[in-house]
There are 2 protein chains.
Amino acid sequence: MKIGDMAKKAGCKVVTIRYYEKEGLLLEPERSDANYRSYGTEALDRLEFVLHCRKFGMKLDEIRALLSFRDHPQRDCTWVTELIDSHIGGVDAQIASLEHLKTHLEELRHRCEGGLVGNDCGIMRSLDAPEVCASCASSHASCAHKASTSGLAV
Amino acid sequence: MKIGDMAKKAGCKVVTIRYYEKEGLLLEPERSDANYRSYGTEALDRLEFVLHCRKFGMKLDEIRALLSFRDHPQRDCTWVTELIDSHIGGVDAQIASLEHLKTHLEELRHRCEGGLVGNDCGIMRSLDAPEVCASCASSHASCAHKASTSGLAV
DNA sequence: CTTGACTCTATAGTAACTATAGACATTACG
DNA sequence: CGTAATGTCTATAGTTACTATAGAGTCAAG
């Protein structure tokens with residue numbers, strides 16, 4: 001199986017496979033006479049594992065750890081459940097933060113119903129000096145987590 | 001006002017100010033004899049405008065456009081409301097995607113209640129070959145938007 | 001046999017910073 | 001007044017998970 005075939009089967013791009021290989025997530029495959037990568041079904045399984053993990057929002061570092069666990073299953077997989085738990089927590093925090101942001105954006109949106117002159121636009125004025133909302137001023141509950149990529153879907 | 005003072009007043013880091021300057025969001029300030037940046041209140045206002053926009057999740061490119069609108073207010077600010085609207089849409093999509101991801105993570109989490117042996121861990125098995133969920137298989141509704149930074153809070 | 005599709009490597013770019021290094025300036029303390 | 005801590009300067013590299021590009025070699029179909 002050549003790299004393009006595997007990409008098609010796994011539903012990812014060719015460059016992604018090469019990238020994962022360079023990152024050490026995928027093993028270096030055999031090469032053909034023409035130096036083309038040649039894969040078997042095990043390599044495809046491994047790639048799909050990685051892609052599934054990505055869909056669950058895991059970072060490459062975390063996937064690296066999961067792969068080594070997959071390669072050498074130890075006694076206890078407690079840390080795997082902890083990883084998932086912490087992911088759920090992170091997703092919760094992101095959702096909360098986005099909900100909060102949304103209320104602010106909607107508030108901002110209602111400052112201007114369009115067509116107003118620029119130097120009297122309510123939105124622009126609000127961007128100059130927005131009111132502080134209670135939950136923004138007092139707590140940092142919704143600001144707790146770091147920015148991270150989202151937009152992953154299963 | 002030196003750069004550190006302004007950073008303190010605006011609540012951002014010194015490096016961020018220098019970065020925004022290099023990106024053309026902030027004007028190049030006067031310099032002291034020792035080549036230190038020296039700012040007035042206008043510079044602080046502009047910085048705060050930028051930071052407010054960032055809290056609303058806007059990209060530096062968008063802020064650049066808003067700044068030039070701020071500098072030269074034209075007749076019509078319709079595009080500002082459109083910008084906000086599209087941001088609200090983006091946030092909605094992100095929330096939907098994260099909610100969807102969360103259900104999958106929770107589903108995954110329940111595969112293993114901890115303490116199981118690695119090579120029979122339900123989570124690991126699911127990562128090898130997860131079931132396809134209806135909304136994942138059929139539609140790409142929740143996968144529509146690109147990954148982007150979130151975690152912004154006002 | 002040539003044309004188009006596929007593969008290879010290496011490098012640079014993306015977004016919005018963060019971190020580091022090395023040098024100079026200023027401020028506080030004793 | 002000296003010195004040590006802090007603040008400022010520039011330039012460069014690193015972060016994440018890819019994406020894009022260039023230039024060259026390989027393969028399959030007509």
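Naming convention: chains lettered A, B, ... in sequence-line order (proteins, then strands); numbering from 1 in each chain.
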Would you say the side chain of B/F56 lies within less than 4.5 Å of the side chain of A/H104, judging by non-hydrogen atoms? yes
Rounded to whole Å, please give me the gap between CD1 in A/I17 and P in D/dA17. 18 Å
Which residue, B/K2 or A/Y19, contacts DNA chain D at a nucleotide closer to its 5' end, judged by nearest heavy atom? B/K2
Quick one: A/L47 CG to D/dC18 P, roughly how many Å, whole number? 11 Å
Checking C/dC17, C/dC6, D/dT8 against the side chain of A/Y36 (C-beta onward), the nearest is C/dC6
Rounding to an integer number of Å, can you tell me how far A/R54 CZ sits from D/dT19 P? 10 Å
Hey, can you pull the donor-acceptor pairs under 3.5 Å for the side chains in residues 39-49 of chain B, sequence neighbours left out?
from: B/R46; atom 1: NE; to: B/L25; atom 2: O; distance (Å): 2.8
from: B/R46; atom 1: NH1; to: B/D71; atom 2: OD1; distance (Å): 3.2
from: B/R46; atom 1: NH1; to: B/D71; atom 2: OD2; distance (Å): 3.3
from: B/R46; atom 1: NH2; to: B/L25; atom 2: O; distance (Å): 3.4
from: B/R46; atom 1: NH2; to: B/D71; atom 2: OD2; distance (Å): 3.4

Which is it for B/E106 and A/V91 under the side-chain contact (heavy atoms from CB on, under 4.5 Å) test, yes or no, and what are the steps along the way? CA-CA 11 Å; B/E106 281 173 341; A/V91 169; over 6 Å; no
Taking the nucleotide of DNA chain C with the nearest heavy atom to each, does A/K22 or A/N35 sit closer to the 5' end? A/N35
Reckon B/R31 has a side-chain N or O less than 4.0 Å from the OP1 or OP2 of D/dT10? yes
Base, sugar-phosphate, or nothing for B/R18, non-hydrogen atoms under 4.0 angstrom? base
Side-chain heavy atoms of B/Y19 within contact of B/L60, under 4.5 Å: yes
Could you list by number each residue of residues 60-67 of chain A showing a heavy-atom separation from DNA chain D of less than 4.0 Å, or answer none if no residue does? A/L60
Rounded to the Å, how far apart are B/K59 NZ and C/dT14 P? 13 Å
Quick one: which of D/dT8, D/dT19, C/dC8 gets closest to the side chain of A/I3? C/dC8
Euclidean distance, atom CD of residue B/E23 to atom P of C/dT14 [Å, nearest integer]: 10 Å
Main chain of B/K59, side chain of B/R64: is a donor-acceptor contact present, judged purely on distance under 3.5 Å? no
Whole angstroms only, please: what is the CZ-C1' distance between A/R37 and C/dT7? 9 Å
B/R18 side chain to B/K22 main-chain N or O, any donor-acceptor pair under 3.5 Å? no
Give B/T16 one of three labels, base, sugar-phosphate or nothing, depending on what nucleic acid heavy atoms sit under 4.0 Å from its own. sugar-phosphate
Test side-chain contact (heavy atoms from CB on, under 4.5 Å) on B/R109 and A/H87; report intermediate values, then the result. CA-CA 10 Å; B/R109 175 62 180 85; A/H87 268 275; over 6 Å; no
Send over the distance from B/M6 CE to D/dT8 C1', rounded to a whole Å. 14 Å
Rounded off to whole Å, could you give me the OH-to-P distance for the B/Y20 and C/dC17 pair? 4 Å
